[in-house]
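Note that these values count all heavy atoms, side chains included, but never hydrogens, waters or copies made by symmetry.
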Amino acid sequence: MPGPAPPRPFRRKRSRGPPPPPPASGAAAAGAMATRRRGRAEAMEEPARCQLCGARGRLRCRRCRRCRRTYYCDEDHQQADWVGIHELICQLLIPTTVSLPAPPSEKERQHHTEQLLQRQKLILGLAQSRAQQLVLEGKPKEALPAALCALRFSARVHGSDPVQLVPAYLTLAEISRESGDLQQAFRYLCQSQWVVLSTPGCSVALQALLHHHLGLFCAAKGSFEQALYHLSHEVYLTCSTLGPRCVEASGGYFHMAKVYLHQNKLEVADSLCAKVTSLWHGFLVRSLQAQQRNVKSPPEMSLLSPAEGAQGAPLTAAQAAEGLRLLPAVLGLRAQDPMRRPEETARTLQALAMLHYLAGDFPKAQEVGMKALELVAQLHLHQSGEAIQRLLELIPSKPSCAE
């Protein structure tokens, strides 16, 4: 007969420490719960990346306090991004990065997707405009954040279509080249060229833009023959699409002139500068004619003959910016040899005066027009003098202080 069961061994009761504090109530409880939720949400997020350089890690101390969606590795990158682009798009970023519950109906989901796409396109346009503006102002380093933002949102808007990313790559290549980083510019250009060559039916305008940046890159590193090859292809593609008188080809002619000037081929450089002036002079005369038709100016104030002014279009902001960059540069090249074809210098001054007038800078148009008038008087170019005089008569008088 079995005996009694042995007694169970004695187990010492484990100490669990002091009892927890009583739960908070009211606002304190809500704040503590929100803090815990935020901590859990941040723990589940992937490590943040610096908006500017892409450095990876826990960068909570450098998060934008307004949108709370962008991170930075240090204060310098945060300041650079704020000045470059983030100030313009800070509040626009919030709806594009916050995850919201899916709408219940298909119609609402489609509407939400369209709204998100429109906002992304708006940010893309702002970033592209800002980058181009800073590059034209000679601030390539300040333009880098906007160009990187444009590349990111180009990928979001256009998805898997690599051709749509080429303009952003070319802008980044230009910024790198202007900053002196030719190695990085070469990487962006190689990526752009690979996309263009591997895409059948790529637009002629994009091919011309690629040749433009390749030509400037080759010129920057001293490969002048390759630079002329790419720039001549740019001019050919542009003129074959838009016509031989298109002002869009003037940039290619001008940069070819600079290359020939580096090669000490002054005659060729001078003829190319004259071509730039001719294209802009004809284009601006046609733009003036179009403006006069719109305001119904009297025929005696016309700056050109009816046959010459049969067609014309108003000057756009992008064209004005390009002309204000090219024509003074042509004058700078001509200033190196003032005795060479001074009549072309007068013609360039006349074109620049028309450009300032069409851009609305009347004091500058008056100043440059007077210089052109003085020069043509010295050269006894009476026909040009009459045209410049008519332009000066179109410039309104200086507004009074009361206005």
Side-chain angles (χ1 to χ4, degrees), residues 129 132-133 135-136 167 170 174 203-213 215-216 230-260 269-294 302-305 307-334 341 343-361 364-365 368-369 372 384 387-388 391 394:
S129 300
Q132 293 169 0
Q133 174 192 351
V135 169
L136 288 176
L170 294 178
E174 183 177 8
S203 69
V204 175
L206 192 59
Q207 295 179 46
L209 186 62
L210 175 62
H211 279 293
H212 173 79
H213 287 281
L216 296 185
H230 289 294
L231 292 172
S232 61
H233 272 67
E234 176 202 355
V235 171
Y236 168 75
L237 291 171
T238 304
C239 293
S240 64
T241 304
L242 303 176
R245 294 196 304 168
C246 66
V247 74
E248 288 78 6
S250 60
Y253 284 120
F254 173 74
H255 290 293
M256 288 174 67
K258 290 180 65 176
V259 171
Y260 280 116
D270 182 72
S271 64
L272 289 171
C273 285
K275 181 66 175 178
V276 174
T277 299
S278 175
L279 290 174
W280 274 100
H281 186 275
F283 169 74
L284 291 168
V285 166
R286 294 190 296 273
S287 297
L288 270 173
Q289 181 70 14
Q291 184 194 68
Q292 291 177 20
R293 284 198 301 269
N294 292 335
S302 177
L303 298 178
L304 64 163
S305 64
E308 188 180 5
Q311 294 181 351
L315 182 74
T316 65
Q319 290 169 337
E322 180 71 3
L324 291 173
R325 186 177 65 89
L326 284 180
L327 291 176
V330 171
L331 288 174
L333 292 182
R334 292 200 172 280
R341 300 177 68 180
E343 66 278 2
E344 286 297 330
T345 301
R347 188 176 175 85
T348 307
L349 285 170
Q350 181 185 359
L352 187 58
M354 288 189 287
L355 179 57
H356 283 302
Y357 171 78
L358 288 170
D361 191 350
K364 196 67 177 178
V368 178
S384 298
I388 297 172
L391 173 65
L394 288 176

With rounding to the nearest 0.5 Å, note down the distance linking CZ in R341 to OG1 in T277. 9.0 Å
Can you give each donor-acceptor pair under 3.5 Å made by side-chain atoms of residues 249-256, sequence neighbours left out, with the distance rounded to 0.1 Å?
residue : atom : partner : partner atom : Å
S250    : OG   : V247    : O            : 2.7
S250    : OG   : W280    : NE1          : 2.9

Indicate yes or no for a side-chain donor-acceptor contact from R286 to the backbone of G282 under 3.5 Å, with no hydrogens or angles considered. yes
Can you spot which of L288, L324, D361, V368 makes a side chain to side chain contact (heavy atoms under 4.5 Å, CB included) with L355? L324
Report the distance from atom CG of L206 to atom NE2 of H212, rounding to the nearest 0.5 Å. 13.0 Å
Indicate yes or no: at least one non-hydrogen side-chain atom of E248 is less than 4.5 angstrom from one of L279. no
What are the two closest non-hydrogen atoms of A359 and L315, and how far apart are they? N-CD2, 4.5 Å
Between T238 (side chain) and V235 (backbone), is there a donor-acceptor pair under 3.5 Å? no
What closest approach, in Å, do Q350 and L391 show between heavy atoms, and which atom pair accounts for it? O-CD2, 4.5 Å
Which heavy-atom pair separates I388 from A372 by the least distance, and what is that distance? CD1-CB, 3.6 Å
Determine whether T348 and H281 satisfy the following criterion, side chain to side chain contact (heavy atoms under 4.5 Å, CB included), listing intermediate values before the conclusion. CA-CA 7 Å; T348 307; H281 186 275; over 6 Å; no
With side chain to side chain contact (heavy atoms under 4.5 Å, CB included) as the criterion, how do H213 and H230 come out once you've worked through the C-alpha distance, each side chain's angles and the decisive distance to 0.1 Å? CA-CA 8 Å; H213 287 281; H230 289 294; over 6 Å; no
Is the side chain of S287 donor-acceptor paired with the backbone N or O of F283 at a distance under 3.5 Å, no angle test? yes
Student check: side-chain heavy atoms of C273 and E344 closer than 4.5 Å: no
Applying salt bridge (Lys or Arg N to Asp or Glu O under 4.0 Å) as the test, list every pair that has at least one member in residues 234-244; sequence neighbours left out. none
How long is the span from the CG atom in L284 to the CD atom in Q319, to the nearest 0.5 Å? 9.0 Å
Show the atom names and distances, to 0.1 Å, of all donor-acceptor pairs under 3.5 Å that link a side chain in residues 325-333 to residues at least two apart or in another chain.
residue : atom : partner : partner atom : Å
R325    : NH2  : E322    : OE1          : 3.0
R325    : NH2  : E322    : OE2          : 2.9

